[in-house]
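Just so we're on the same page: letters track the sequence lines, and every chain starts at 1.
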Number of protein chains: 2
Amino acid sequence: MRAVAVTISDVARAAGVSKGAVSYALNGQAGVSEDTRRRILSTAAALGWTPSLRARSLSSSKAYALGLVVARDPKLLGTDPFFPSFIAGIETTLADRGYSLVLTVATKPGAEEASYRRLAHEGRVDGVILSDMRTDDSRIALLLELGLTAVTLNRPNTPSPFPAVCMDDTEGISHAVQHLVDLGHTRIAHVGGSQHYIHGLNRRNAWADTLQRNGLDHDLFIEADFGAVEGVAATADLLARENPPTAIVYANDIMATAGQAHAQQRGLRIPDDLSITGYDNTEYAQYLNPALTSIGSDPLLWGSAAAQVLLNQLGGTHDGDDVVLPAPGLITRGSTAAPHGRSTPGSN
Amino acid sequence: MRAVAVTISDVARAAGVSKGAVSYALNGQAGVSEDTRRRILSTAAALGWTPSLRARSLSSSKAYALGLVVARDPKLLGTDPFFPSFIAGIETTLADRGYSLVLTVATKPGAEEASYRRLAHEGRVDGVILSDMRTDDSRIALLLELGLTAVTLNRPNTPSPFPAVCMDDTEGISHAVQHLVDLGHTRIAHVGGSQHYIHGLNRRNAWADTLQRNGLDHDLFIEADFGAVEGVAATADLLARENPPTAIVYANDIMATAGQAHAQQRGLRIPDDLSITGYDNTEYAQYLNPALTSIGSDPLLWGSAAAQVLLNQLGGTHDGDDVVLPAPGLITRGSTAAPHGRSTPGSN
DNA sequence: AGACTTAACTAAACCGGTTAAGTGGCCGAT
DNA sequence: ATCGGCCACTTAACCGGTTTAGTTAAGTCT
């Protein structure tokens with residue numbers, strides 16, 4: 001077998017110093033001369049020593065890990081392309097800094113709070129990343145109670161002591177709506193996500209504001225849950241109205257995809273009879289028939305940035321400001337066109 | 001502030017015993033009488049004491065965590081609905097047993113091995129779950145070298161000392177092919193996933209075997225990478241042939257979706273001119289136009305079972321046998337029908 | 001030259017558990 | 001009665017780091 005384990009004592013002995021000196025040298029603290037530090041570090045390297053994470057954890061009361069609690073209805077879990085990429089982004093930052101990610105999935109209502117409590121109580125993590133912010137999000141108070149540091153994705157609507165990493169939802173939706181208006185649409189509906197989510201709310205507001213700026217009504221709104229089933233129901237509701245929309249802006253690609261299929265089954269041609277836009281620019285969006293106009297966010301970047309801010313916050317080197325990432329842009333594809341095949345008016 | 005921390009010493013003092021006795025009582029070991037054990041445990045409960053994970057980790061050389069390394073091309077990461085549900089399944093088992101999941105995402109070639117090495121070297125985890133088994137999978141030797149325990153999803157093709165949790169791929173594909181044969185198809189192609197994966201290989205073999213059993217050729221095979229882009233390319237290749245297939249069995253829903261859209265853009269009607277089947281039964285599959293016939297696996301169950309087996313293995317209570325889960329079944333939808341609108345022949 | 005800092009270390013306590021080794025009391029066997 | 005053995009504990013070492021409280025030698029000030 002290989003050398004079982006080389007400890008700080010082995011290094012100290014080999015370098016002819018005390019354990020304490022090795023610790024100082026390792027952590028870049030005062031207490032050893034530059035010469036000695038170099039000597040210690042080189043003998044450490046020669047012995048192939050790395051400090052034990054566990055021992056370090058115990059004596060320094062740190063976990064060297066971050067937590068992410070994903071709260072999702074089991075049905076919606078597999079559909080969202082956000083998390084895998086987001087997590088990959090987190091990893092790119094963490095791996096470099098010797099941190100790990102502890103992931104928890106909460107599929108039942110009470111499980112989310114329990115997860116945070118457990119992570120904090122067991123000391124599994126030093127901080128958590130809060131995604132899917134909700135209005136009056138109870139997690140902020142919870143984390144304060146638990147003494148966990150955090151970073152939030154976008155700024156919550158309640159006072160929060162935690163830094164936020166922001167990626168604006170509204171710009172993309174505004175572009176989508178304006179794009180439809182420019183094409184000549186006047187009855188533009190919105191199938192939103194749950195309005196308990198800040199981003200659900202933001203997207204709706206951006207839709208409404210842009211319509212208002214163009215002097216159009218924003219009464220064609222239906223709230224759904226970001227899932228395909230409710231996306232279909234909302235679409236059915238809208239299309240059954242006396243004066244149905246000629247375009248629907250969906251809050252994500254899943255609902256848009258489901259809505260598009262439903263409209264087609266009803267005999268509508270897309271985009272001629274109905275224009276459709278999504279959000280997320282999922283991989284399959286471009287392979288739908290017709291390909292889906294969507295808004296392409298960057299979860300990888302978001303994850304990487306969030307992890308960085310949180311680590312800096314933990315290290316005390318964060319300046320306290322929110323970090324603002326570039327807003328996702330509109331990707332125009334075949335699912336949007338002028339209503340009833342009319343050509344684009346000269347606006348824009 | 002709340003009580004800072006109650007330690008084993010506090011409990012020992014309160015119960016009038018030594019630290020050791022408390023430890024014995026906690027871990028159900030011999031060394032204390034039943035009466036004393038109860039007394040200790042009840043004072044522990046009264047004080048709200050839970051043993052420190054960190055201290056325990058250090059002295060018992062265990063991490064109380066499992067690892068999962070997801071190796072994926074960044075482009076394919078968001079598309080696969082498998083992992084979120086799979087992870088949720090793992091969680092359901094872990095949470096009950098006080099374990100946590102450390103997740104790593106490896107997007108670059110060398111990163112996967114580095115991840116395993118890091119998890120082992122830092123002692124972050126006690127064992128790992130190996131998914132996406134490959135032929136001659138180098139991870140098995142790697143984990144043996146690193147001294148990590150593991151469980152594999154399906155049995156690898158090389159000797160492996162680790163227990164496997166199996167969910168048969170071949171049955172679903174056989175059903176799909178037989179279903180198409182029964183509808184009257186004779187030229188049934190397969191767009192497979194990467195043949196480096198055992199499940200890519202299995203699905204291809206199941207397709208070929210079923211055709212052979214029905215006296216049909218199995219020469220219409222193209223290997224792709226489970227991604228949409230290569231799915232389209234493979235479809236284009238097949239449809240451009242002199243004698244194109246009337247049905248295509250894809251190795252997953254993403255490629256099937258992309259292939260379907262491509263065929264439709266070429267002017268083919270589905271299912272009349274071309275039948276299509278997928279694999280995974282993704283959420284959006286039923287909302288495609290037409291809805292996609294697919295094979296519905298159960299990642300949640302798989303994750304939960306895998307975690308259970310691994311924990312038992314770690315605890316020494318696993319019997320060493322592989323666990324076999326029910327094989328996923330075929331879900332028939334609108335994307336499959338008799339070729340050229342002919343009615344189903346009388347078979348089956 | 002003596003008092004006082006300060007740099008560069010060492011020794012030992014500490015984090016909060018587990019566990020090997022030791023101790024006293026009770027029991028049955030000789 | 002006495003010895004061995006076992007039960008129910010206690011004591012203390014240990015896991016591998018961090019950190020506080022010394023200690024020593026050299027330098028500074030007056």
Side-chain angles (χ1 to χ4, degrees), chain A residues 3-41 43-44 47-65 98 120-124 126 147 314-315, chain B residues 3-41 43-44 47-65 98 120-124 126 147 314-315:
Chain A
V4 188
V6 31
T7 75
I8 197 173
S9 301
D10 301 328
V11 176
R13 201 175 310 120
V17 294
S18 69
K19 277 169 56 176
V22 177
S23 178
Y24 292 143
L26 174 71
N27 297 309
Q29 290 184 15
V32 282
S33 66
E34 244 341 282
D35 282 359
T36 315
R37 179 188 312 278
R38 268 195 294 272
R39 187 163 49 86
I40 291 175
L41 291 182
T43 54
L47 294 180
W49 175 70
T50 329
S52 149
L53 187 72
R54 287 170 189 156
R56 237 184 181 188
S57 255
L58 176 59
S59 74
S60 67
S61 300
K62 287 198 280 182
Y64 300 96
H121 186 236
E122 294 185 346
R124 290 266 185 196
D126 300 317
L314 287 169
Chain B
V4 188
V6 31
T7 75
I8 196 174
S9 301
D10 300 328
V11 175
R13 201 174 310 121
V17 294
S18 69
K19 278 169 55 175
V22 177
S23 179
Y24 292 141
L26 174 71
N27 298 310
Q29 290 184 16
V32 282
S33 66
E34 248 337 286
D35 282 359
T36 315
R37 181 188 311 277
R38 268 196 294 272
R39 188 162 49 85
I40 291 176
L41 290 182
T43 54
L47 293 179
W49 175 71
T50 328
S52 149
L53 186 72
R54 287 170 188 156
R56 237 184 181 186
S57 253
L58 177 60
S59 73
S60 67
S61 302
K62 287 199 281 184
Y64 300 97
H121 186 236
E122 295 184 347
R124 291 267 185 195
D126 299 318
L314 287 169

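Take B/Arg38 and apply the salt bridge (charged side-chain N to carboxylate O under 4.0 Å, His left out) test, not counting sequence neighbours, and it matches B/Glu34, B/Asp35. The side-chain hydrogen bond (donor to acceptor under 3.5 Å, both in side chains) search around A/Ser18 returns none, not counting sequence neighbours. Applying the ring-ring contact (aromatic ring centres under 6.0 Å, His included) test to A/Tyr24 and every residue at least two apart in sequence or in another chain returns nothing. Under the side-chain hydrogen bond (donor to acceptor under 3.5 Å, both in side chains) criterion, A/Arg54 pairs with no residue, sequence neighbours left out. Among residues two or more places apart in sequence or in another chain, the side chain to side chain contact (heavy atoms under 4.5 Å, CB included) test is passed with B/Thr50 by A/His121. Taking the side chain to side chain contact (heavy atoms under 4.5 Å, CB included) definition, one finds that B/Leu26 meets it with B/Trp49, B/Pro51, B/Arg56, sequence neighbours left out. Residues passing the side-chain hydrogen bond (donor to acceptor under 3.5 Å, both in side chains) test with B/Thr43: none are found, sequence neighbours excluded. Listed by chain and number, the residues in a side-chain hydrogen bond (donor to acceptor under 3.5 Å, both in side chains) with B/Ser59 amount to none (sequence neighbours excluded).
Remark on the helix from C/dA1-D/dT30 to C/dT30-D/dA1: inter-end axis angle 50°, axes from five-pair C1' superpositions, rounded to 10°.
The nearest pair of heavy atoms linking A/Val11 to A/Val6 is CG2-CG2, 4.3 Å.
Remark on DNA chain D: of its neighbouring residues B/Ala55 and B/Val17, the 5'-side contact belongs to B/Val17, judged by nearest-heavy-atom nucleotide. Residue-to-nucleotide proximity on DNA chain D shows that, of A/Thr50 and B/Arg39, the 5′-proximal contact is made by B/Arg39.
Contact annotation: B/Ser33 reaches the phosphate of D/dC9 (side-chain N/O to OP1 or OP2, under 4.0 Å). Side-chain nitrogen and oxygen atoms of A/Ser59 include none within less than 4.0 Å of the OP1 or OP2 phosphate oxygen of D/dG17.
Bounding nucleotides for the chain B contact on DNA chain C, 5' to 3', at a heavy-atom distance below 4.0 Å, are C/dG16 to C/dA20.
In this entry the distance linking NZ of A/Lys19 with C1' of D/dT18 reads 9 Å, nearest Å. The nearest whole Å value for the distance from the CD1 atom in A/Ile8 to the C1' atom in D/dT18 is 8 Å. Atom P of nucleotide D/dA8 and atom CD1 of B/Ile40 are separated by 12 Å, given to the nearest angstrom. The distance from atom CG of B/Leu58 to atom P of D/dA13 is 17 Å, rounded to the nearest whole Å.
Scanning residues 21-31 of chain B for heavy-atom distances under 4.0 Å to DNA chain D yields B/Ala21, B/Tyr24, B/Gly31.
With B/Arg37 contributing its side chain and B/Gln29 its backbone, the two residues share a donor-acceptor pair below 3.5 Å.
For residues 21-32 of chain A, there are no salt bridge (Lys or Arg N to Asp or Glu O under 4.0 Å) pairs, not counting sequence neighbours.
A/Gly16 comes within 4.0 angstrom of sugar-phosphate atoms only, judged by non-hydrogen atoms across all strands, and of no base. Within 4.0 Å (heavy atoms only), A/Thr36 reaches sugar-phosphate atoms of the nucleic acid but no base atom.
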